[in-house]
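In what follows, a single structure is set out as structure tokens and then discussed.
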Amino acid sequence: MQIHTKYSGVTEINTENIITFNQGLPSFEEEKSFILLPFSEEPGPFSILQSTHTPGLALVVMTPFAFFPDYETTLSDQTLEALQIEKSEDVAVFVVLTLRDTLEESTANLRGPIIINTGKKVGKQIVLNDSTYHTKHSLQTVTPPGKKGE
């Protein structure tokens with residue numbers, strides 16, 4: 001199947017990789033169908049969560065653990081049930097980035113992670129009540145992996 005994307009133009013996708021968000025995403029409740037696309041040709045923690053129906057709707061997301069190794073999320077029983085999660089290996093966690101001119105000026109929303117059941121291809125953005133996480137957590141203070149104590 002071909003879709004129009006925000007960053008890559010027309011892209012061929014495998015429909016088996018489409019992730020369904022039954023409640024949509026906050027502010028985009030009508031958008032229920034997304035796909036994870038690579039951010040670049042180089043492997044890395046960044047991806048694009050692209051709507052399969054609206055070309056202009058694409059969120060830059062990342063796996064938080066690459067930059068925030070101590071990041072923790074606790075999923076409620078309601079979330080586990082809604083996403084049909086039976087084993088932890090099926091859980092993928094992403095956070096939405098707000099990109100600025102440089103990575104150091106960019107921010108990550110650690111308070112509202114996107115949880116995906118990779119086996120069932122269903123997802124949901126949740127809100128963590130932990131006050132240590134912010135919606136605009138600066139990446140400037142982050143030490144990239146492999147740079148600790150050099």
Side-chain angles (χ1 to χ4, degrees), residues 1-76 78-130 133-140 142 144-145:
M1 169 180 171
Q2 287 190 338
I3 63 168
H4 293 271
T5 68
K6 182 174 183 176
Y7 299 109
S8 303
V10 177
T11 301
E12 185 73 30
I13 64 165
N14 182 341
T15 57
E16 292 179 12
N17 294 330
I18 292 175
I19 302 158
T20 301
F21 288 78
N22 291 319
Q23 299 171 337
L25 293 173
S27 299
F28 305 103
E29 288 79 8
E30 71 287 350
E31 296 284 342
K32 310 234 187 258
S33 178
F34 289 83
I35 189 146
L36 276 171
L37 299 172
F39 181 77
S40 69
E41 292 180 16
E42 299 296 320
F46 306 107
S47 299
I48 305 292
L49 186 64
Q50 173 69 56
S51 165
T52 61
H53 298 293
T54 306
L57 178 54
L59 304 172
V60 179
V61 297
M62 73 172 194
T63 55
F65 310 108
F67 287 96
F68 305 97
D70 297 331
Y71 183 72
E72 292 183 4
T73 60
T74 301
L75 302 180
S76 69
Q78 181 182 3
T79 299
L80 292 172
E81 185 177 318
L83 296 178
Q84 306 165 46
I85 295 171
E86 297 172 2
K87 50 189 176 182
S88 59
E89 303 87 57
D90 289 340
V91 177
V93 179
F94 295 91
V95 294
V96 178
L97 295 181
T98 300
L99 296 180
R100 303 285 184 226
D101 290 337
T102 66
L103 189 61
E104 291 77 21
E105 295 174 309
S106 299
T107 59
N109 178 353
L110 298 183
R111 181 158 298 201
I114 293 173
I115 311 299
I116 297 173
N117 179 333
T118 57
K120 305 276 185 178
K121 302 291 189 234
V122 291
K124 180 178 184 175
Q125 185 171 21
I126 63 171
V127 177
L128 301 178
N129 294 322
D130 187 331
Y133 296 129
H134 310 285
T135 58
K136 294 186 179 191
H137 194 92
S138 174
L139 298 180
Q140 184 174 13
V142 172

* Can you tell me how far the CG atom of L128 sits from the OG1 atom of T135, to the nearest 0.5 Å? -> 12.0 Å
* Candidate pair F34 and L25, rule side-chain contact (heavy atoms from CB on, under 4.5 Å), full reasoning -> CA-CA 10 Å; F34 289 83; L25 293 173; 3.6 Å; yes
* Can you list the steps and then say if F67 with V95 is a side-chain contact (heavy atoms from CB on, under 4.5 Å)? -> CA-CA 11 Å; F67 287 96; V95 294; over 6 Å; no
* Asked: Any idea which heavy atoms bring Q50 and P55 closest together, and the distance?
  -> NE2-O, 3.2 Å
* Asked: Closest approach of F94 and A92, non-hydrogen atoms and distance?
  -> CE1-CB, 3.7 Å
* Asked: Is E81 atom CD crowded by more than 12 heavy atoms from other residues, nucleotides or ligands, each under 6.0 Å away?
  -> no
* **Q2, CD: over 12 other non-hydrogen atoms inside 6.0 angstrom** => yes
* Asked: Which distance, rounded to the nearest 0.5 Å, do you find between the CG of L59 and the CG of L57?
  -> 5.5 Å
* **I116 side, atom CD1; K124 side, atom NZ - distance, nearest 0.5 Å** => 14.0 Å
* Report yes or no: does T52 contribute a side-chain atom to a donor-acceptor pair with the main-chain N or O of S33 at less than 3.5 Å? => yes
* To do: Calculate, to the nearest 0.5 Å, the distance between atoms NE2 and CD1 belonging to H53 and I18 respectively.
  => 7.0 Å
* To do: Evaluate the side-chain proximity of K120 to D90: yes if any heavy-atom separation is below 4.5 Å, no if none is.
  => no
* If every non-hydrogen atom of L99 is compared with every non-hydrogen atom of V60, which pair is closest and at what distance? -> CD1-CG2, 3.7 Å
* So which heavy atom on S51 is nearest to which on E31, and how close? -> OG-OE1, 2.7 Å
* When you look at F39 and L97, which way does the side-chain contact (heavy atoms from CB on, under 4.5 Å) test go after all the steps? -> CA-CA 12 Å; F39 181 77; L97 295 181; over 6 Å; no
* Is the side chain of S40 donor-acceptor paired with the backbone N or O of E42 at a distance under 3.5 Å, no angle test? -> yes
* Write out all pairs satisfying side-chain hydrogen bond (donor to acceptor under 3.5 Å, both in side chains) with one or both partners inside residues 3-25, taking only residues at least two apart or from two chains. => none
* Structure fact -> In terms of heavy-atom contacts, I13 and I35 come closest through CB-CD1, 3.7 Å
* How long is the gap from CD1 on I19 to NZ on K32, to the nearest 0.5 Å? -> 15.5 Å
* Asked: So, do T54 and F28 sit near enough that their side-chain heavy atoms are less than 4.5 Å apart?
  -> no
* Structure fact -> Closest non-hydrogen atoms of L83 and G123, given as atom of the first, atom of the second and distance, are CD2-C, 3.5 Å
* Could you check V61 against L36 for side-chain contact (heavy atoms from CB on, under 4.5 Å), going step by step and ending with a plain yes or no? => CA-CA 9 Å; V61 297; L36 276 171; 4.0 Å; yes
* **Distance in Å, I114 CD1 paired with M62 CE, rounded so as to fall on 0.5 Å steps** => 12.0 Å
* Option from T107, L110, N109 for which side-chain contact (heavy atoms from CB on, under 4.5 Å) with K136 holds -> T107
* Asked: Can any side-chain N or O of Y133 pair as donor or acceptor with the backbone N or O of E72 at less than 3.5 Å?
  -> yes
